[in-house]
Amino acid sequence: MRSDNQSFWGDSPQAFILLGVSDRPWLELPLFVVLLVSYVLAMLGNIAIILVSHLDPQLHSPMYIFLSHLSFLDLCYTTTTVPQMLVNMGSSRKTISYSGCTVQYAIFHWLGCTECIVLAAMALDRYVAICEPLRYAIIMHHPLCQQLVVLAWLSGFGNSLIQVVLTVQLPFCGQQVLNNFFCEVPAMIKLSCADTAVNDTTLAVLVAFFVLVPLALILLSYGFIARAVLKIQSSKGRHKAFGTCSSHVVVVSLFYLPAIYMYLQPPSSYSQEQGKFISLFYSIITPTLNPFIYTLRNKDVKGALRRLLARIWRLCIR
């Protein structure tokens, strides 16, 4: 019987070995604990944001519609990758099936592109709220918010579909070891034994569009916001206006900086050793921090959380 390492050109391996930190065994236990704690915090924090955004009448504004979708994206992000990482770190068999790997990078890529659009929509919302406050309710009406959210999900899915169609056609010539914690398109392209020029170019063009265009819109929005805020006479008004945007700026930075490093370079030339730790950062650390960033710096969310906890407490003591 032919083994996976003896696959002919064009055959796909039955499974991939996710190297992770297998070359550093002393790191596995501390990393397992960090991932487990981060995953629990990410689940609790993002579920709390989704619940208060839907249950509290005071948070039924466009900003919190987008925030609830961002939290749902972060929930899916972590659930797509972290359980598999925990299983692999807890066992000696660090494998993922070929089909499981394909589903993982397809969903991960879909979620990433969708989040780019959602973050741009949140920047648009802040721009209208600060620069056009009297027309805010007219411009950012509920149907428009829903349309922007649908656009984000559909465009992310379309981009992911193109990447998956191109990536599943790559031969691996029996190579099975992925120097990563989970399956990602750049790592798959790097592993292939064929000419990946088409994959490299398509990935660079589409990701540049989904990363740079939303980022340019975000920067443009905040340029107008900064100009409008500086015209406010009172320091208290300026502080309040900057405070409403600071959380979003931090989240945008945490998301875009690793994404730019990972995807805006040819996949065939990026360092897998550095790339896998950067992937780990934006797949678990960023989704874990996001709900706490929004909660700690947002009085409305903190008030809604207190009201939700008080409601739960009253139900428990009845």
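Each residue takes its place number in the sequence, starting with 1. No hydrogens, no waters, no symmetry mates; every other heavy atom, side chains included, goes into these values.
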Which heavy atom in [X] sits nearest to a heavy atom in [Y], and how many Å separate them?
{"X": "Val82", "Y": "Leu35", "value": "CG1-O, 4.2 Å"}
{"X": "Gly156", "Y": "Thr114", "value": "CA-OG1, 3.7 Å"}
{"X": "Ala228", "Y": "Cys131", "value": "CB-SG, 3.8 Å"}
{"X": "Pro287", "Y": "Ser283", "value": "CG-O, 3.6 Å"}
{"X": "Ser97", "Y": "Gly100", "value": "OG-N, 2.9 Å"}
{"X": "Asp125", "Y": "Pro62", "value": "OD1-CB, 3.4 Å"}

#### Entry: Phe281 atom CZ: more than 12 heavy-atom contacts under 6.0 Å
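Above 12, so yes.
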### Message
Can you confirm whether Tyr136 is buried at OH, in the sense that more than 12 heavy atoms of other residues, nucleotides or ligands lie under 6.0 Å from that atom?
### Response
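Yes, enclosed.
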### Task
Return yes if a side-chain donor-acceptor contact under 3.5 Å exists between Tyr64 and His54, otherwise no.
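Distance-only check fails for Tyr64 and His54.
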#### Entry: Ser160 side chain to Tyr105 side chain, donor-acceptor N/O pair below 3.5 angstrom
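Result is no, nothing qualifies.
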Quick one: are [X] and [Y] in side-chain contact, heavy atoms under 4.5 Å?
{"X": "Phe255", "Y": "Leu119", "value": "yes"}
{"X": "Cys76", "Y": "Ile107", "value": "no"}
{"X": "Arg135", "Y": "Val128", "value": "no"}
{"X": "Phe72", "Y": "Val118", "value": "no"}
{"X": "Cys101", "Y": "Met188", "value": "yes"}
{"X": "Met85", "Y": "Leu280", "value": "yes"}
{"X": "Leu178", "Y": "Leu19", "value": "no"}

### Message
For residues Leu217 and Met63: do they belong to one hydrophobic cluster (side chain heavy atoms under 4.5 Å, members Ile, Leu, Val, Met, Phe, Trp, Tyr)?
### Response
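Hydrophobic grouping puts Leu217 apart from Met63.
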### Query
Quick one: do Val213 and Val205 end up in the same hydrophobic cluster if we chain Ile, Leu, Val, Met, Phe, Trp and Tyr together by side-chain heavy atoms under 4.5 Å apart?
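Result: no, two separate clusters.
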#### Entry: Carboxylate-amine/guanidinium proximity below 4.0 Å for Lys94 and Glu28
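Salt bridge flag = yes for Glu28 with Lys94.
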#### Entry: Donor-acceptor pair, side chain of Gln14 and main chain of Tyr98, under 3.5 angstrom
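Between the backbone of Tyr98 and the side chain of Gln14 there is no qualifying donor-acceptor contact (under 3.5 Å).
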### Task
Determine the interplanar angle of the Phe16 and Phe172 rings, folded into 0 to 90°, and report it as parallel if under 30°, tilted if 30 to 60°, perpendicular if over 60°.
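Rings of Phe16 and Phe172: perpendicular, as their planes differ by over 60°.
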### Message
Check the orientation of Phe157 and Trp110. Use parallel for under 30°, tilted for 30 to 60°, and perpendicular for over 60°.
### Response
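Perpendicular.
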### Query
CD of Gln104 to OG of Ser99: how many Å apart, nearest 0.5 Å?
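It comes to 11.5 Å.
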#### Entry: Inter-residue atom distance Ile50.CD1 - Leu75.CG, 0.5 Å rounding
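Interatomic distance, Ile50 CD1 to Leu75 CG, rounded to 0.5 Å: 4.5 Å.
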